[in-house]
Amino acid sequence: MKAYLIPAETVEFSEEIKKSRFITFIAHTEGIDAAKAYIQSIKEQFPDARHHCWAFVAGRPDDSQQLGFSDDGEPTGTAGKPILAPLLGSGMGEVTAVVVRYFGGIKLGTGGLVRAYGSGVQQALKILSTKTKVPQLHFCVECEYSLVSLLEQVVEQYEGQVLSSEYTDKVTFILSLPAVHSGEVEVKLRDMSRGSMQLIPLDKNE
């Protein structure tokens, strides 16, 4: 699971094409439920618009199970897919785009609609600032008291985090580690503890 870009903010881009007004919104949405909630919030914000077309990449950019799009009454294939295409091309994840259209009385034709919806998203992406998300994995590990400081050093070295600790005859840690480094951390902990420390994956891995 590699690191990937996500939106760092919500952006809005508006343009008028043959008297129709197109307003494009792009936002960070983690998961399909969040994406659908954001789409609904835009619909409620612009209830009088003719169309609210949208697309999302709700998870990692390579996770095709978390893609979605809708033409919302526009001719099939003229809105949802043209909105989705630039999102996929950006390599971004956890992103939703909604394009609100106020019809101006002049029909654009299927080609004109494809260009209008796709262009709005492309323009909005140009002004969108992003940040990097590093997928995390969660583990449980038992540690002798004498090795606690060494374990904490290794976790810090690989930009992980101790989520919780429980002290009994040993110390049980719940760790969050960058997925790309979890293998290296496991080898280090095993080596320095002569095999006694083992990372046990938890169900909450994301």
Side-chain angles (χ1 to χ4, degrees), residues 1-15 22-47 49-101 113-139 159-161 163 174-182 201-206:
M1 291 198 293
K2 296 179 180 177
Y4 54 89
L5 294 176
I6 61 174
E9 59 179 353
T10 299
V11 296
E12 175 184 342
F13 175 79
S14 180
E15 63 182 338
F22 292 84
I23 314 167
T24 300
F25 296 89
I26 296 181
H28 174 234
T29 52
E30 185 175 358
I32 290 175
D33 288 346
K36 289 182 175 177
Y38 180 69
I39 293 162
Q40 185 59 35
S41 74
I42 296 296
K43 287 181 177 180
E44 291 171 1
Q45 199 174 331
F46 299 91
R50 175 74 70 91
H51 303 283
H52 307 83
C53 305
W54 52 264
F56 58 71
V57 182
R60 299 191 311 274
D62 59 355
D63 185 356
S64 60
Q65 299 298 310
Q66 300 209 63
L67 304 180
F69 57 88
S70 169
D71 296 313
D72 191 38
E74 294 282 30
T76 302
T78 62
K81 285 186 177 178
I83 294 170
L84 180 62
L87 296 184
L88 291 173
S90 73
M92 220 178 301
E94 300 180 11
V95 58
T96 296
V98 185
V99 183
V100 176
R101 181 190 182 193
L113 288 172
V114 168
R115 285 191 295 275
Y117 281 105
S119 167
V121 176
Q122 289 167 2
Q123 297 301 319
L125 285 170
K126 287 179 182 177
I127 58 174
L128 177 70
S129 61
T130 60
K131 58 185 178 183
T132 301
K133 176 164 183 173
V134 180
Q136 301 287 308
L137 295 175
H138 298 93
F139 299 92
E159 298 181 336
Q161 192 177 358
L163 299 179
I174 304 297
L175 306 177
S176 177
L177 300 171
V180 291
H181 295 320
S182 60
L202 298 177
D203 291 341
K204 64 174 75 169
N205 286 347
E206 56 187 36

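Every heavy atom of this structure was used, including side-chain atoms; hydrogens, water molecules and symmetry mates were not.
Rounded to the nearest 0.5 Å, atoms CZ (Phe56) and CD1 (Ile39) are 5.5 Å apart. In this structure, Ile23 CD1 and Gln45 CD are separated by 9.0 Å, a value rounded to the nearest 0.5 Å. Thr24 OG1 to Leu128 CG: the interatomic distance, rounded to the nearest 0.5 Å, is 12.0 Å. With values rounded to the nearest 0.5 angstrom, Tyr4 atom OH is found 13.0 Å from Thr130 atom OG1. Taking CZ of Arg115 as the start and OG1 of Thr78 as the end, the distance is 12.0 Å to the nearest 0.5 Å. To the nearest 0.5 Å, atom CG of residue Asp71 and atom SG of residue Cys53 are 6.5 Å apart.
For the pair Ile6 and Gly93, the tightest heavy-atom approach, listed with the atom from each and the gap, is CG2-O, 3.5 Å. Between His52 and Val100, the shortest heavy-atom contact is CD2-CG2, 4.1 Å. Shortest non-hydrogen contact noted between Val98 and Ile42 is CG1-CG2, 3.7 Å. Looking at every heavy atom in both residues, Phe69 comes nearest to Leu84 through CD2-CD2, 3.7 Å. When all heavy atoms of Thr96 and Ala35 are compared, the closest pair comes out as OG1-CB, 3.3 Å. Taking both residues in full, the closest heavy atoms of Ile32 and Ala58 are given as N-CB, 3.6 Å, listed atom of the first, atom of the second, then distance.
In this pair, Phe46 and Phe25 present their aromatic rings tilted. The plane angle is within the 30 to 60° band.
With Val121 as the partner, the side chain to side chain contact (heavy atoms under 4.5 Å, CB included) test is satisfied by one option alone out of Ser90, Pro86, Pro82: Pro86.
Between Phe13 and Lys126, every side-chain heavy-atom pair lies at or beyond the 4.5 Å cut-off. Here the side chains of Asp62 and Lys2 are not in contact, with every heavy-atom distance at 4.5 Å or above. In this structure, the side chains of Leu163 and Leu175 stay at 4.5 Å or more apart for every pair of heavy atoms.
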| What's the verdict on side-chain contact (heavy atoms from CB on, under 4.5 Å) for Glu94 and Glu30, showing C-alpha distance, side-chain angles and the deciding distance? | CA-CA 5 Å; Glu94 300 180 11; Glu30 185 175 358; 3.7 Å; yes
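The number of heavy atoms from other shown groups lying within 6.0 Å of NZ (Lys43) is above 12. The number of heavy atoms from other shown groups lying within 6.0 Å of CD (Glu159) does not exceed 12.
Between the His51 side chain and the Asp72 main chain, a donor and an acceptor come within less than 3.5 Å of each other. Side chain of His181 to main chain of Gly160: no donor-acceptor pair is present (N/O by atom type, distance under 3.5 Å, no hydrogens or angles). Counting only distance, with no hydrogens or angles, the side chain of Gln136 and the backbone of Val134 share a donor-acceptor pair below 3.5 Å.
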